[in-house]
Amino acid sequence: MKKNDAKILVSGNFNEHALSKLRNVFDVKEISRGDIAQLDREEATSIRGVASMGGVSAEFIDALPQLEIIANFGVGYDAVAISHAVEKNIMITNTPDVLTEEVADTALGLLLNTVRELSKAETYLRDGKWESEGAYPLSKLTLRNRKAGIFGLGRIGLAIAKRLEAFGMTVAYHNRRPVEGVEFEYYDTLTGLAQAVDTLIVVVPGSASTAKAVNAEVLKALGSDGVLINIGRGSVVDEDALVEALSNNVIAAAGLDVFEDEPKVRQALKDLPNAVLLPHVGSASMATRRAMAELVADNLISWFNDGTAVTPVSETLHITKRK
Ligand code: NAP
Ligand code: 8YV
């Protein structure tokens, strides 16, 4: 492949295979995640593309005057200062589709684990209690006869819905508008959906419109047999309200892959016996992370070699390559 004269900044740890793909085409500079201070002024002025493994702030963007494109590692790009980037005519890309099935698998694993207490049962065995105390107590909850509600029936939401159907569960959903060609029952409010189901699965993007959307009212509507699964973003759930609801049997249990202030997880959640907590592993298999990294690299290569992005985010569809 022809060597391109654009200089690319890789911010954070990047997959080695995708990194060598980038190095074959570009001059690449690596820094620790988001630490723009590691660049001197001359280097900063030469950067035209960023492969980002973490947040990209307005200050980060302002430090790179020639920046044309930010290729975000992840389908969710809530950590990128999007309106600032758009103002500066910078293309943003993300990594949709290549992680959809992996994240849906994780969501189902988290749901099963939460309802049937599988991690706790394994700990019981490892602690020798099966031998010393007998069988693990029966789980209070079951997946049987549950009705699921999906908050965010997009790519991943639909993949989760298909799996839930295979498990014999009924599925309903809430988006801002109904999805065409889908037969699942639609609710035009989140509280309405929570009232109608007993298992709420959150898979919406983090944004101003979803911030703390799962609040005390929604949790109350979900009810005392209710299970909350969050595989979307931590910002979508009001964690104060969730701790309160889990402590006082307002809902029965929660399974969380994402948190308000990652990687910090509040002690009150860790102390709850009815919460299953995962360290944001939705897409975290080697194969899927490699596919995501390849798509980041492909976006940068396509932008600088052909003038188009492979997977631009909706807010930057109008942005074209500078002459
Ligand atoms: P997507 O295809 O864009 O789906 C997002 C869905 O959310 C759409 O159906 C959208 O429908 C709905 N939505 C957006 N804002 C809404 C609002 N304010 N109220 C109600 N519904 C709203 O995205 P995806 O590929 O499925 O990914 C979804 C999210 O999952 C990502 O943005 C990311 O935050 C998260 N994620 C997490 C992990 C993990 O490791 N835990 C991995 C991958 C992704 P409308 O536009 O009609 O409202
Ligand atoms: C990644 C994700 O773990 O794609 C997303 O939106 O949340 C996950 O797949 C994350 O982006 C990597 O930091």
Side-chain angles (χ1 to χ4, degrees), residues 11-15 18 33-34 51-56 70-80 82 92-111 149-162 172-182 184 186-194 200-215 218 229-237 255-260 262-263 277-293 295-296 311-315 317:
S11 170
N13 284 336
F14 198 42
N15 169 273
R33 181 191 284 213
S52 170
M53 258 58 60
V56 176
I70 298 166
N72 182 63
F73 180 79
V75 67
Y77 50 97
D78 47 314
V80 177
I82 191 89
I92 314 285
T93 65
N94 64 345
T95 61
D97 302 318
V98 294
L99 45 55
T100 294
E101 303 300 328
E102 193 80 73
V103 180
D105 288 346
T106 311
L108 264 290
L110 182 54
L111 173 62
I150 298 185
F151 178 26
L153 194 79
R155 289 170 291 241
I156 301 170
L158 266 170
I160 293 172
K162 282 187 198 151
Y173 72 102
H174 167 64
N175 282 2
R176 286 168 296 191
R177 57 198 78 80
V179 180
E180 267 180 48
V182 155
F184 303 123
Y186 174 72
Y187 287 84
D188 61 4
T189 66
L190 180 56
T191 306
L193 176 68
L200 184 62
I201 301 178
V202 177
V203 64
V204 276
S207 72
S209 70
T210 59
K212 294 194 197 285
V214 178
N215 56 22
V218 170
I229 301 297
N230 188 5
I231 192 92
R233 279 292 180 267
S235 59
V236 180
V237 173
L256 310 171
D257 184 50
V258 286
F259 301 88
E260 221 167 63
E262 295 175 12
L277 312 174
L278 298 180
H280 200 147
V281 292
S283 66
S285 71
M286 284 186 183
T288 295
R289 287 290 173 84
R290 174 169 160 158
M292 291 162 66
L295 186 48
V296 169
T311 47
V313 304
S314 58
E315 293 90 333
L317 280 173

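FYI, side chains are in, hydrogens and waters are out, and symmetry mates aren't considered; it's all heavy atoms of this structure. Each ligand, and each atom within it, is numbered from 1 in the order the structure gives.
With ligand atoms numbered from 1 in the order given, ligand 2 contributes 4 (O), 5 (C), 11 (O) to contacts under 4.0 Å with heavy atoms of G74. Atoms of ligand 2 found under 4.0 Å from any heavy atom of M292 (numbered from 1 in listed order, with element): 9 (O). Atoms of ligand 2 lying under 4.0 Å from any heavy atom of L99, numbered from 1 in the order shown and given with element: 4 (O), 9 (O). For ligand 1 and V258, the ligand atoms under 4.0 Å from any heavy atom of the residue are 41 (N). For ligand 2, the atoms closer than 4.0 angstrom to any heavy atom of H280 are 2 (C), 3 (O), 7 (O), 8 (C). Less than 4.0 angstrom separates some heavy atom of G282 from each of these atoms of ligand 1: 39 (C), 40 (O). Within ligand 1, counting atoms from 1 as listed, the ones closer than 4.0 Å to a heavy atom of S283 are 40 (O). With ligand atoms numbered from 1 in the order given, ligand 2 contributes 2 (C), 5 (C), 6 (O), 7 (O) to contacts under 4.0 Å with heavy atoms of R233. Using a 4.0 Å cut-off to heavy atoms of F151, the atoms of ligand 1 that qualify are 19 (N), 20 (C). Contact atoms of ligand 1 toward G152: 6 (C), 7 (O), 12 (C) (distance under 4.0 Å to a heavy atom of the residue).
If you check which protein heavy atom lies closest to atom 1 (C) of ligand 2, you get S283 OG, 3.7 Å. When hydrogens are left out, the protein atom nearest atom 3 (O) of ligand 2 is R289 NH2, 2.9 Å; that is the closest non-hydrogen contact. The shortest contact between atom 11 (O) of ligand 2 and any protein heavy atom is with F73 O, 3.2 Å. From the protein, the heavy atom lying nearest to atom 38 (C) of ligand 1 is I231 O, 3.6 Å. When hydrogens are left out, the protein atom nearest atom 47 (O) of ligand 1 is R177 NH1, 3.2 Å; that is the closest non-hydrogen contact. Among protein heavy atoms, atom 9 (O) of ligand 1 sits closest to N175 ND2, 3.0 Å. Looking only at protein heavy atoms, the nearest one to atom 13 (N) of ligand 1 is V204 CG1, 3.7 Å. Counting protein heavy atoms only, atom 18 (N) of ligand 1 is closest to S209 OG, 2.8 Å. In terms of protein heavy atoms, atom 5 (C) of ligand 1 is closest to P205 CD, 3.7 Å. Looking at atom 31 (C) of ligand 1, its nearest protein heavy atom turns out to be V75 CG1, 3.8 Å. At the top of the distance list for atom 25 (O) of ligand 1, counting protein heavy atoms only, stands R155 NE, 3.0 Å.
Remark: ligand 1 and G157 share no N or O pair separated by less than 3.5 Å (distance only, no angle test). Polar contact check, M53 against ligand 2: no nitrogen or oxygen pair lies under 3.5 Å apart.
Summarising the contacts of atom 17 (C) of ligand 1 with R176, R233, H280, the nearest heavy atom is found in R176. Between V75, N13, D78, it is V75 that holds the heavy atom closest to atom 4 (O) of ligand 2. Here the shortest heavy-atom distance to atom 27 (O) of ligand 1, taken over I156, L99, L193, belongs to I156.
Surrounding CG of N13 are at most 12 heavy atoms belonging to other residues, nucleotides or ligands under 6.0 Å away.
No donor-acceptor distance shorter than 3.5 angstrom exists from the side chain of T93 to the backbone of P312, with no hydrogens or angles considered. Side-chain N or O atoms of S235 include none that pairs as donor or acceptor with a backbone N or O of E260 at under 3.5 Å. Not one N or O on the side chain of N15 forms a donor-acceptor pair closer than 3.5 Å with the backbone of A293. Of the possible donor and acceptor atoms, one in the side chain of D257 sits under 3.5 Å from a partner among the backbone N and O of V281. Within the 3.5 Å criterion, the main-chain N or O of P205 finds a donor-acceptor partner in the side chain of T210. The closest donor-acceptor contact from the side chain of S11 to the backbone of G34 lies under 3.5 Å. Of the possible polar contacts, one joining the T311 side chain to the N94 backbone as a donor-acceptor pair under 3.5 Å is found.
Contacts between Y77 and ligand 1, counted as non-hydrogen atom pairs separated by less than 4.0 Å, are absent for every part of the residue. If you look at D257 next to ligand 1, the close heavy atoms, those under 4.0 Å, all belong to the side chain. With a heavy-atom cut-off of 4.0 Å, V103 touches ligand 1 through its side chain alone. Contacts with ligand 1 closer than 4.0 Å are made by backbone heavy atoms (N, CA, C, O) of L153 only, the side chain lying farther away. Of all the heavy atoms of R33, none lies under 4.0 Å from any atom of ligand 2, so neither backbone nor side chain is involved.
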Margin query: If you apply the rule side chain to side chain contact (heavy atoms under 4.5 Å, CB included), what do you find for V296 with F14, and how did you get there?
Written below: CA-CA 10 Å; V296 169; F14 198 42; 3.8 Å; yes
Notebook entry, point to check: After noting the C-alpha distance and the side-chain angles of I160 and I229, does the key distance pass the side chain to side chain contact (heavy atoms under 4.5 Å, CB included) rule?
Noted result: CA-CA 12 Å; I160 293 172; I229 301 297; over 6 Å; no
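Summarising the geometry of N230 relative to L110, their closest heavy-atom pair is O-CD2, 4.4 Å, with the distance given to 0.1 Å.
Under 3.5 Å, the side chains of T191 and T189 contain no donor-acceptor pair of N or O atoms.
Y187 has its ring centre no less than 6.0 Å from the ring centre of Y173.
Distance CZ/R155 to CD/E101: 12.0 Å, rounded to 0.5 Å. To the nearest 0.5 Å, atoms OH (Y77) and CD1 (I70) are separated by 12.5 Å. Taking CD of E102 as the reference point, atom CZ of R289 lies at 9.5 Å (rounded to 0.5 Å). The CG atom of L153 sits 4.0 Å away from the CG atom of L158 when rounded to the nearest 0.5 Å. L190 contributes atom CG, which lies 11.0 Å from atom CG of N175 (distance to the nearest 0.5 angstrom).
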